[in-house]
Undergrad: 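Can you read through this structure? Questions will come right after.
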Amino acid sequence: MKYQYKNEFRHNLVEWFNNEKRDLPWRHTSDPYKIWVSEVMLQQTRVDTVIPYYNRFLDKYPTIQDLAYAPEEELLKMWEGLGYYSRARNLQAGVKEVVEKYNSVVPDNRHDISSLKGVGPYTAGAILSIAYQKAEHAVDGNVMRVLSRVLLIEEDIALPKTRKVFEEAVEMLIDEKHPGDFNQALMDLGAMICTPTSPKCLLCPVRDYCIAFNEGIADQLPIKSKKTKTKKVQFKVYLAADQKGRYLLEKRPSEGLLANMWQFPMIEINENSMSDETFKHNYNVEIKEYIEEQLLKFKHVFSHLTWEMDCVYVLVEPKNDLPGDALFLTIEEIKTLPMPVSMLKILNVLN
DNA sequence: AAGCCGGGGGG
DNA sequence: CCCCCAGGCTT
């Protein structure tokens, strides 16, 4: 596979980047640890969302050792609202491994860095190219979109095997002298010019070298097959206060959706089960009084799932020991726990 | 290869 | 309503 204009393409792209690049917090450092943090936060997450999290996170954990030994609950609280919470746990596991097995020095080769928890092909290439100036590919959604247009690649980017096509394309095109700038230039171009819909081709620094633009089909690329099917689940959520005005909270299981995050008790609504009976049975409590039959009702949307939440406010009295993962807490205590956004919406009503 | 894993912004 | 976002892990 050859591309006769690659030298000009490369030059124009990096030149554009030097003039137009966004001023982002992680572009003020070359610390591999900080680049690593930014790349993990940016997985499936927009730049504007990440910026405040990134600043707060590195203020709390300025060095790799600070993060390696942070309490998980505190770590999750710092990640609260970002989503994909396993990223935080995997990041800490990877960081801890670097501290203990690599003398706190982030590996500078693809083999070793890829062995770290949470570091996949993209993140490995991003850290290696940006922090260490290694000529490594870093193929993300932006890069696939840009190069599918420039090189008229019509493979389905939803298929895992397609990534290899783009990795080879980057290896062909990459600026060996400025690999970090080259990779980031592709991402900035994808974010600012070569956007998913309505690409601003007239402002594009490499449109002369873009096959799709010259054929007038840039807006038809990339090809992506996957479609999302979203399920609905109904829950009755119990804001259950005891005599002292504390609320019943529980910690979610250590695996699966929203692992280890805290929530108000919620019972899935089935056709053939009574939610209140299940609630009383599961938590060993008696419902003394219904304060609010419908305190709050809302939908919370995930990627593949929608929770339909029906929240009630009840006064309860413990009849026996609570389950091991549940306890009564004051509002102030609740606010220190990591909770998913769905639960923060409910917590806000209590104030 | 396909499913799971959050949340938000934009068309 | 839809899609997509500086993806990775598990099965």
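Throughout, a chain's letter reflects where its sequence line sits, starting with A, and its residues are numbered from 1. Please read all numbers here as calculations on a predicted model, not as lab measurements.
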Undergrad: Do the side chains of A/Asp276 and A/Lys236 get close enough for a salt bridge, i.e. N-O under 4.0 angstrom?
TA: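 A salt bridge is present here (some side-chain N lies under 4.0 Å from a carboxylate O).
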
Undergrad: Output yes when a side-chain donor or acceptor of A/Asp156 lies under 3.5 Å from a complementary backbone atom of A/Ser225, and no otherwise.
TA: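 Yes, the answer is positive, given that a donor and an acceptor are paired below the 3.5 Å cut-off.
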
Undergrad: Anything under 3.5 Å between a donor and an acceptor, one on a side chain of residues 197-205 of chain A, the other on a protein residue two or more places apart or in another chain? List them.
TA:
none

Undergrad: Just need the stems in DNA chain B: three or more back-to-back Watson-Crick or G-U pairs, each with both distances under 3.5 angstrom, sorted by first number.
TA: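 Looking at DNA chain B, the stems formed by three or more consecutive pairs are B:1-5 with C:7-11, B:7-11 with C:1-5.
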
Undergrad: Rounded to whole Å, please give me the gap between CZ in A/Arg252 and C1' in B/dC4.
TA: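 So the two atoms are 13 Å apart, to the nearest Å.
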
Undergrad: Atom CE of A/Met144 to atom C1' of C/dC4: distance rounded to whole Å?
TA: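 From A/Met144 CE to C/dC4 C1': 12 Å.
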
Undergrad: In whole Å, what is the span from the NZ atom of A/Lys224 to the P atom of B/dA2?
TA: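 Taking NZ of A/Lys224 and P of B/dA2, I get 14 Å after rounding.
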
Undergrad: Side chains of A/Gln43 and A/Tyr122: any donor to acceptor distance under 3.5 Å?
TA: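 No - no donor-acceptor pair under 3.5 Å links their side chains.
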
Undergrad: In terms of side-chain geometry, is the basic nitrogen of A/Lys21 or A/Asp188 positioned less than 4.0 Å from the acidic oxygen of its partner?
TA: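 No, A/Lys21 and A/Asp188 are not salt-bridged.
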
Undergrad: Rounding to a whole Å, what distance do you find between A/Arg163:CZ and B/dA1:P?
TA: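 It is 11 Å, rounded to the nearest whole Å.
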
Undergrad: Can you tell me how far C1' of C/dC5 sits from CG of A/Leu189, to the nearest Å?
TA: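 Atom CG in A/Leu189 sits about 16 Å away from atom C1' in C/dC5.
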
Undergrad: B/dG7 P sits how many Å from A/Asp48 CG, rounded?
TA: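 It works out to 19 Å between those atoms.
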
Undergrad: What distance, rounded to whole Å, do you find between the two C1' atoms, one in B/dC5 and one in C/dC1?
TA: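 Those two atoms are separated by 23 Å.
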
Undergrad: Of the nucleotides B/dG7, B/dC4, B/dC5, which one has an atom closest to the side chain of A/Leu257?
TA: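 Selected nucleotide (nearest to the side chain): B/dC5.
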
Undergrad: For each nucleotide in nucleotides 6-11 of chain C, reading 5' to 3', give B when a protein heavy atom comes within less than 4.0 Å of its base, S when such contact involves only the sugar-phosphate, and - otherwise.
TA: BBSS--

Undergrad: For A/Ser342 and for A/Pro160, find the nucleotide of DNA chain B with the closest heavy atom, then tell me which residue's nucleotide is more 5'.
TA: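 Going by which nucleotide is closer to the 5' end, it is A/Pro160.
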
Undergrad: Is the distance from OP1 or OP2 of B/dG7 to the nearest side-chain N or O of A/His300 less than 4.0 Å?
TA: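 So the side-chain polar atoms of A/His300 do come within 4.0 Å of the phosphate oxygens OP1 or OP2 of B/dG7, strictly under.
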
Undergrad: Take atom P in B/dG8 and the same atom in C/dG8, then report the distance between them in whole Å.
TA: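 Those two atoms are separated by 22 Å.
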
Undergrad: Assess A/Arg89 against A/Tyr85: is NZ or CZ under 6.0 Å from the centre of the six-membered ring, and within 45 degrees of the ring's axis?
TA: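 Not satisfied by the 6.0 Å and 45° rule.
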
Undergrad: Say we look at C/dC5 and B/dA1: how far apart would their C1' atoms be, to the nearest angstrom?
TA: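 Their C1' atoms lie roughly 22 Å apart.
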
Undergrad: Taking only the side-chain heavy atoms of A/Thr197 (C-beta and beyond), determine which of B/dG7, B/dG11, B/dC4 contains the nearest atom.
TA: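 Of the options given, the side chain of A/Thr197 lies nearest B/dG11.
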
Undergrad: Between A/Tyr84 and A/Trp79, does the ring centre distance come in under 6.0 Å?
TA: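 No; A/Trp79 has its ring centre 6.0 Å or more from that of A/Tyr84.
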
Undergrad: Measuring from A/Leu350:CG to A/Tyr247:OH, what's the distance to the nearest 0.5 Å?
TA: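 Interatomic distance, A/Leu350 CG to A/Tyr247 OH, rounded to 0.5 Å: 4.5 Å.
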
Undergrad: Rounding to an integer number of Å, can you tell me how far A/Glu80 CD sits from B/dG7 C1'?
TA: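 Taking atom C1' of B/dG7 as the reference, CD of A/Glu80 is at 13 Å.
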
Undergrad: For A/Glu155 and B/dA1, give me the distance from atom CD to atom C1', rounded to whole Å.
TA: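 It works out to 16 Å between those atoms.
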
Undergrad: With distance as the sole criterion, do the side chain of A/Thr49 and the base of B/dG8 form a donor-acceptor contact below 3.5 Å?
TA: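 Check fails, no donor-acceptor contact within cut-off.
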
Undergrad: If you assign each of A/Ser198 and A/Val301 to its closest nucleotide in DNA chain B, which residue comes earlier from the 5' end?
TA: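 It is A/Val301 whose nearest nucleotide is closer to the 5' end.
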
Undergrad: Using a 4.0 Å heavy-atom cut-off across all strands, classify A/Leu305 as base, sugar-phosphate, or nothing.
TA: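 Here A/Leu305 touches no strand at all.
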
Undergrad: Sticking with atom C1', work out how far B/dG6 lies from C/dC4, rounded to a whole angstrom.
TA: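 It comes out at 14 Å once rounded to the nearest Å.
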
Undergrad: Please determine if A/Glu73 and A/Lys77 form a salt bridge, counting it only when a charged side-chain N lies under 4.0 Å from a carboxylate O.
TA: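 A/Lys77 and A/Glu73: not salt-bridged.
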
Undergrad: Minimum heavy-atom separation for A/Val106 and A/Val98, please, with both atom names.
TA: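 Where A/Val106 meets A/Val98 most closely, the heavy atoms are N-CG1, 3.7 Å.
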
